[in-house]
Colleague: 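This structure is in structure tokens; I'll ask about it shortly.
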Protein chains: 2
Amino acid sequence: MNSAGILIIDDEIQIRRLLEITLESHNHRVLSADSAREGLRMAAGHSPDLVILDLGLPDESGHLVLQRLREWYTKPVLILSVQSSEEDIVKALDNGANDYLVKPFRTGELLARVRSALRNAVAGPRKAVVNFNGLQVDLSARTVRKDHEMIRLTATEYSLLALFVRHEGMVLTHQYLLREVWGPGYINQSQYLRVFIAQLRKKIENDPNRPEYIITEPGVGYRFTSTE
Amino acid sequence: MNSAGILIIDDEIQIRRLLEITLESHNHRVLSADSAREGLRMAAGHSPDLVILDLGLPDESGHLVLQRLREWYTKPVLILSVQSSEEDIVKALDNGANDYLVKPFRTGELLARVRSALRNAVAGPRKAVVNFNGLQVDLSARTVRKDHEMIRLTATEYSLLALFVRHEGMVLTHQYLLREVWGPGYINQSQYLRVFIAQLRKKIENDPNRPEYIITEPGVGYRFTSTE
DNA sequence: GTAAGTCTTTATAAAATCTTTATATCGCTG
DNA sequence: CAGCGATATAAAGATTTTATAAAGACTTAC
């Protein structure tokens, strides 16, 4: 690990402290910035492996920072936000954020999200065959297996699953999913999503009532995870 | 070099001799055939690392040999041709030849071309005869058997089946199949596909109403499977 | 020129999927 | 704990896609 480290952009000193201590205790190098300007400067200077960005900054909107960042920065960006601002979270995810955390958060969850984000970033060039304990998706053959059994998916079900697989660990918003699978004219048809998510779960989950692969993020979207 | 060797297909004995001596003196194993039929048989039997093919054969056109070869053989094919037939060379290159030599040639140039062709060969080997419980397809002989019974297929039926066999397990989209079998101008003629798929099933499936080999993937295409 | 075989086109029935509606469930807030 | 918004699931209907037969057009061999 040549480790350019993790950059935290947050104005609250308590949060910065908590993040620094937690991350450093797990062998991450940590950089901190307490403003939008400072954050962008440090990101440009150090090219960190991951950025944790608070949406509520004093000098500039966090959305603006995210936008500027995404003009050149391709590694994961993790959003911090207060409970109330669900709308902000959706907007940030649609603007290229990889994941989000609601304040206050448990440090265990923080570390899990950071691990997942860093793991996916390393994956880089996608492999054609992807394995998630028991679920095997072959993106070039367009086939899906569950415990070596072939599973038959309709065109729509498959393109939904393929999206999830290609963005494992990330939260995908309703908007994004609808736009990618059905097209830009369908971003309000959330019911479509619910219907097809239910069908997918019925086909790939061990217990559709307690999904392990496709996790609901209420008010925001869905997330595909591998438990390993 | 574990060397399955180089196969020479040429009817002129002087040329064969010259090639044999030159190549063997550089540690290549050499196989020879003096006719199209013999050449195809040896290619299928020995899977050579490279084929040197004369276009002017007595029994069959060299172009036909090349075409047949290319239905399953992915390694380099080097064309030999007399000075005059420039048109032939272009056609051969279009049909999948890797390089050509004009007779008479200098042995130094021959060796250089052979070296280059072998160096550039990347694709993995493929078998000429494929077996799917009961269904046997010989891609070099262009024959199909069902439980040892010969099955007669039309040209179109065969090229469709050959495509399936060469991509076993993959979902092949309508577009892809139409483009490969009929050409780029036919990618909208899905009805062609349905008609010929039905005919193929009638000929190769145990119960055409419940196909085992050619599986429909509605809205997407078809998939060829072996149940083993 | 005819006959046999093949490919293309048309028509219709059957199957599968997508869309919509209805109802049940969950988690949260006041 | 009632009520609200968001989510989950089932099932009816509408639509699209597929299967199959069969007629017409074209090619090829004799």
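Proteins come first, then strands; the chains are lettered A, B, ... in the order of their sequence lines, and each starts at number 1.
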Colleague: My understanding is that only residues two or more places apart in sequence, or in another chain, count here; which of them pass salt bridge (charged side-chain N to carboxylate O under 4.0 Å, His left out) with B:Glu12?
Modeller: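 Result, salt bridge (charged side-chain N to carboxylate O under 4.0 Å, His left out) vs B:Glu12: B:Lys103.
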Colleague: Of the residues in residues 169-190 of chain B, which ones touch DNA chain C at a heavy-atom distance under 4.0 Å?
Modeller: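 Listed by number, they are B:Trp182.
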Colleague: Taking atom P of C:dT19 as reference, at what distance in whole Å does atom CZ of A:Phe196 sit?
Modeller: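 It is 6 Å, rounded to the nearest whole Å.
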Colleague: Write out a two-atom table: protein N or O, nucleotide N or O from nucleotides 12-14 of chain C, distance below 3.5 Å.
Modeller:
none

Colleague: Assign B:Arg152 to base, sugar-phosphate, or nothing according to its heavy-atom contacts below 4.0 angstrom with the strands shown.
Modeller: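 The residue B:Arg152 makes sugar-phosphate contact but no base contact.
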Colleague: Can you figure out which of D:dA10, D:dA6, C:dT8 approaches the side chain of A:Arg194 most closely?
Modeller: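 When the side chain of A:Arg194 is considered, D:dA6 is the closest of D:dA10, D:dA6, C:dT8.
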Colleague: Who passes salt bridge (charged side-chain N to carboxylate O under 4.0 Å, His left out) against A:Asp34, sequence neighbours left out?
Modeller: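 Here no residue qualifies.
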Colleague: When you match A:Gln199 and A:Pro218 each to their closest nucleotide on DNA chain D, which lands nearer the 5' end?
Modeller: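 Of the two residues, A:Pro218 wins.
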Colleague: Is the B:Phe164 to B:Tyr213 ring centre distance short of 6.0 Å?
Modeller: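 Not close enough - the centres of the two rings lie 6.0 Å or further apart.
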Colleague: I'd like to check the ring-ring contact (aromatic ring centres under 6.0 Å, His included) partners of A:Tyr222; sequence neighbours left out, ordered by chain and number.
Modeller: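 For A:Tyr222 the ring-ring contact (aromatic ring centres under 6.0 Å, His included) partners, ignoring immediate neighbours, are A:His174.
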Colleague: With a 4.0 Å cut-off on N to O distance, would you call B:Asp10 and B:Arg16 a salt bridge?
Modeller: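 Salt bridge: no.
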Colleague: Identify the residue among A:Glu212, A:Glu217, A:Glu168 that makes a salt bridge (Lys or Arg N to Asp or Glu O under 4.0 Å) with A:Arg223.
Modeller: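 So the option named by the test is A:Glu217.
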Colleague: Which sits closer to the 5' end of DNA chain D, B:Gly221 or A:Glu217, going by the nucleotide each is nearest to?
Modeller: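 By nearest-heavy-atom nucleotide position, the 5'-most residue is A:Glu217.
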Colleague: Nucleotides 28-30 of chain D: which of its N/O atoms have a protein N/O under 3.5 Å away?
Modeller:
none

Colleague: Tell me every residue that passes side-chain hydrogen bond (donor to acceptor under 3.5 Å, both in side chains) with B:Arg145, counting only those two or more places apart in sequence or in another chain.
Modeller: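 None.
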Colleague: Assess, by modelled atom type and distance only, whether the side chains of B:Gln191 and B:Arg194 contain a donor and an acceptor separated by less than 3.5 Å.
Modeller: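 Side-chain D/A pair, B:Gln191 to B:Arg194: present.
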Colleague: When the distance from OH of A:Tyr158 to P of C:dC18 is rounded to whole Å, what number comes out?
Modeller: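 In whole Å, C:dC18 P and A:Tyr158 OH are 15 Å from each other.
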Colleague: Is the phosphate of D:dA8, meaning OP1 or OP2, less than 4.0 Å from a side-chain N or O of A:Tyr222?
Modeller: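 A:Tyr222 to D:dA8 OP1/OP2: side-chain N or O found under 4.0 Å.
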Colleague: Counting only side-chain N and O atoms of B:Thr156, is one of them less than 4.0 Å from OP1 or OP2 of C:dC7?
Modeller: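 Checking B:Thr156 against C:dC7: at least one side-chain N or O falls below 4.0 Å of OP1 or OP2.
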Colleague: Test of understanding: with salt bridge (charged side-chain N to carboxylate O under 4.0 Å, His left out), list the residues that count as partners of A:Arg106, not counting sequence neighbours.
Modeller: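 Counting only residues at least two positions away or on another chain, A:Arg106 forms a salt bridge (charged side-chain N to carboxylate O under 4.0 Å, His left out) with A:Glu109.
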Colleague: So among A:Lys202, A:Lys203, A:Arg152, A:Arg201, which one has a salt bridge (Lys or Arg N to Asp or Glu O under 4.0 Å) with A:Glu157?
Modeller: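 That would be A:Lys203.
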Colleague: Got a sec, which residues hit ring-ring contact (aromatic ring centres under 6.0 Å, His included) with B:Tyr192, two or more places apart in sequence or on another chain?
Modeller: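 Here the qualifying residues are B:Trp182.
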Colleague: Using only atom types and a distance under 3.5 Å, with no angle test, would you say the side chain of A:Asp147 pairs donor to acceptor with the backbone of A:Glu149?
Modeller: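 Looks like no, no N/O pair under 3.5 Å.
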Colleague: Using whole Å, report how far CG of A:Asn209 lies from C1' of C:dA24.
Modeller: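 Spelled out: CG on A:Asn209 to C1' on C:dA24 is 13 Å.
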Colleague: Rounded to the nearest angstrom, tell me the gap between atom CZ in A:Arg210 and atom P in D:dT7.
Modeller: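 Rounding to the nearest Å, CZ of A:Arg210 and P of D:dT7 are 20 Å apart.
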Colleague: For A:Glu87 and D:dA6, give me the distance from atom CD to atom C1', rounded to whole Å.
Modeller: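 From A:Glu87 CD to D:dA6 C1': 16 Å.
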Colleague: Among all residues two or more places apart in sequence or in another chain, which pass the ring-ring contact (aromatic ring centres under 6.0 Å, His included) test with B:Tyr176?
Modeller: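 ring-ring contact (aromatic ring centres under 6.0 Å, His included) list for B:Tyr176, sorted by chain: B:His167.
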Colleague: Examine D:dA19: is either OP1 or OP2 under 4.0 Å from a nitrogen or oxygen in the side chain of B:Lys202? Give yes or no.
Modeller: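 For D:dA19, neither OP1 nor OP2 has a side-chain N or O of B:Lys202 closer than 4.0 Å.
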Colleague: A quick test of your reading: do over 12 heavy atoms of other residues, nucleotides or ligands sit less than 6.0 Å from OH of A:Tyr73?
Modeller: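 Yes, OH of A:Tyr73 has more than 12 neighbouring heavy atoms, counting only those of other groups under 6.0 Å.
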Colleague: Rounded to whole angstroms, how far apart are CG on B:Leu193 and P on D:dA19?
Modeller: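 From B:Leu193 CG to D:dA19 P: 10 Å.
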Colleague: To the nearest 10 degrees, how far apart in direction are the end axes of the helix from C:dG1-D:dC30 to C:dG30-D:dC1, each fit to five base pairs?
Modeller: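 Comparing the first five pairs with the last five, the axes sit 20° apart.
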Colleague: Could you tell me which residues satisfy ring-ring contact (aromatic ring centres under 6.0 Å, His included) with A:His63, sequence neighbours excluded, listed by chain and number?
Modeller: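 Scan of A:His63 (ring-ring contact (aromatic ring centres under 6.0 Å, His included), adjacent residues dropped) gives none.
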Colleague: Nearest-nucleotide wise, let me know which of A:Thr154 and B:Ala155 is further upstream toward the 5' end of DNA chain C.
Modeller: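 Closer to the 5' end of DNA chain C: B:Ala155.
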Colleague: Output the rounded distance in Å from CD (B:Glu157) to C1' (C:dT8).
Modeller: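 These atoms are roughly 14 Å apart.
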Colleague: I want to verify a distance call: between C:dT19, C:dT9, D:dA19, whose nearest atom is closest to the B:Tyr192 side chain?
Modeller: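 Closest of the options to the side chain of B:Tyr192: C:dT9.
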Colleague: Take atom CD1 of B:Ile215 and atom P of D:dA19, then tell me their distance rounded to the nearest Å.
Modeller: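 After rounding, the gap between these two atoms is 11 Å.
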